[in-house]
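Right, one structure below, let's go through it.
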There are 2 protein chains.
Amino acid sequence: MSEALWDRSRCSVAGTLAVVGEKWSLLVLREAFFGVRRFADFQRVLGAPKAVLSDRLATLVEQGILRRVPYQAEGERQRQEYRLTTKGRDLYPTLVALMQWGDTHLADGPPPLELQHQDCGAPVHLELVCEAGHRLSGAWEVRPVAQSRANALVAHTLAEDAKA
Amino acid sequence: MSEALWDRSRCSVAGTLAVVGEKWSLLVLREAFFGVRRFADFQRVLGAPKAVLSDRLATLVEQGILRRVPYQAEGERQRQEYRLTTKGRDLYPTLVALMQWGDTHLADGPPPLELQHQDCGAPVHLELVCEAGHRLSGAWEVRPVAQSRANALVAHTLAEDAKA
DNA sequence: ACAGTTAGGTTCGTCAAGTGAACTCAGGAG
DNA sequence: CTCCTGAGTTCACTTGACGAACCTAACTGT
């Protein structure tokens, strides 16, 4: 039925999860976005086991998401710190998406963190938009199109879900 | 230094990952968005071990992200299928974010899947926007503001004072 | 010179989680 | 009554996470 609707093995969701889907990876990146750079700070603030943290940082560097930068505090030897690359910074929407979902569906109070536009101070959120400028309100307004096979069934089942 | 900048333990990123961060969970949801509903279809299309799949489906149901719906194919007994709830459908931006990152950073060719606006056919993507309508181009235009419980209380009492 | 401290790890034993094959169970088909 | 099929469960095995302990190089105080 939904036999080879499209090639799942080349799906970018799976690919991305293979890179940042392990435990702690995305939390390490969350902290990186908040300016954490040094091993001990990651360790203290996350509470992750050092062995795991060491491994995650290594694979994130290997993947080009973080880069090691030598630095030297006064009266200390040279050490390495971890900074986001452009590739890493592009994961920001992913973290915002996770945060937004948690804020609206796991809330036991006000969201613990609000994102504001640096320039105007207004709250920031993610939106699905098309290149014609329309704002979409959810998945049911999207038609996924595989390379060679268009498929109307998908839209159909989603519409059914929405009704039920 | 970055001591208690804000309370990480209540962070929605961590909360969301606690719910959908296990292996296979987000891939199950990806398939759900493509209209997959039945156990055997998930199993065949993902290649996940049945035991894990069974567990992931159960916790997603438990969390209110999927719901079990009885159905009956002709000439078969009644069975259960899994459908997205509203809470589940709200995870769509997360999957789109993961997909977009993979498309731009793991590409070994054209993206295997394109999302089009149902109405106008234009390609769809995620954008960070603020409530004043500005489009932000990345994390550096965002200022995270901790909404500490104390701040919330203060705001609340101030609001009360204003009324009295 | 020498012990102590600190950042940034590694090693190790234990315990939880993922994996694939085999088994179960309920009902319809032949 | 037996076989088949969808939807799981059970089991033995391997991989991954965990926390405590240990290691190392540079610098610091004595």
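Values reported hereafter were calculated over all heavy atoms of this structure, with side chains retained and with hydrogens, waters and symmetry mates removed.
- Residue contacts for B/V52: at a heavy-atom cut-off of 4.0 Å it reaches a base atom on one of the strands shown.
- When the side-chain nitrogen and oxygen atoms of A/W24 are compared with OP1 and OP2 of D/dG16, none of them lie within a distance under 4.0 Å.
- A side-chain N or O of A/D90 and one of B/H105 form a donor-acceptor pair less than 3.5 Å apart.
- If you take CZ of B/R77 and P of D/dA7, they are 8 Å apart, rounded to a whole angstrom.
- Minimum atom distance to the side chain of A/F39 is reached by C/dG8, of the listed D/dG6, C/dG8, D/dA17.
- Between the CZ atom of A/R37 and the P atom of C/dA7 there is a distance of 17 Å, given to the nearest Å.
- A/E22 has its CD atom 8 Å from the P atom of D/dG16, to the nearest Å.
- At the heavy-atom level, A/Q80 lies under 4.0 Å from the strands shown only through sugar-phosphate atoms.
- Using a 4.0 Å cut-off, some side-chain N or O of B/Y71 falls inside it from OP1 or OP2 of D/dA7.
- As a whole-Å value, the separation of A/Q43 CD from C/dA7 C1' is 11 Å.
- Nucleic acid contact class of A/Y82 (heavy atoms, under 4.0 Å, all strands): sugar-phosphate only.
- Taking atom CG on B/L53 and atom P on D/dG8, their separation rounds to 8 Å, with Å as the unit.
- Taking atom CD of B/Q72 as the reference point, atom C1' of D/dG6 lies 13 Å away to the nearest angstrom.
- Counting to the nearest Å, the C1' atom of D/dA17 and the CG atom of A/L57 are 16 Å from each other.
- For the pair B/R79 and D/dG8, the criterion of a side-chain N or O lying under 4.0 Å from OP1 or OP2 is not met.
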Checklist entry - Given the rule in the side chain to side chain donor-acceptor pair (under 3.5 Å) test, do B/Q100 and B/T104 qualify, once you have shown the distances and angles that lead to the verdict? => result CA-CA 6 Å; B/Q100 252 174 219; B/T104 74; over 6 Å; no
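- Between D/dC18 and A/K23, a contact under 4.0 Å exists linking OP1 or OP2 to a side-chain N or O.
- Checking C/dG8, C/dT10, D/dG8 against every side-chain atom of A/S54, the shortest atom distance belongs to C/dT10.
- Side-chain atoms of A/S137 and A/E141 include a donor-acceptor pair closer than 3.5 Å.
- Electrostatic pairing of B/R135 and B/E127 counts as a salt bridge here, judged by a charged N lying under 4.0 Å from a carboxylate O.
- No engagement by B/A48 is indicated, since no non-hydrogen atom pair under 4.0 Å with the nucleic acid exists.
- Taking the charged nitrogens against the carboxylate oxygens, B/E81 and B/R68 have no contact shorter than 4.0 Å, which rules out a salt bridge.
- Taking the six-membered ring where tryptophan is involved, the planes of A/Y92 and A/F33 are tilted, since the angle between them lies from 30° to 60°.
- Comparing C/dG9, C/dA22, C/dA7 against the side chain of B/K50 picks out C/dA22 as the nearest.
- Going from atom CG of A/L46 over to atom C1' of D/dC18 covers 15 Å, rounded to whole Å.
- Here the nucleotide nearest the side chain of B/A51, chosen from D/dG6, D/dA17, D/dT10, is D/dT10.
- In this model, the phosphate group of C/dA17 is not approached by any side-chain N or O of B/R56 to a distance below 4.0 Å at OP1 or OP2.
- Here the side chain of A/A40 is nearest to one of C/dG18, C/dG8, C/dA26, namely C/dG8.
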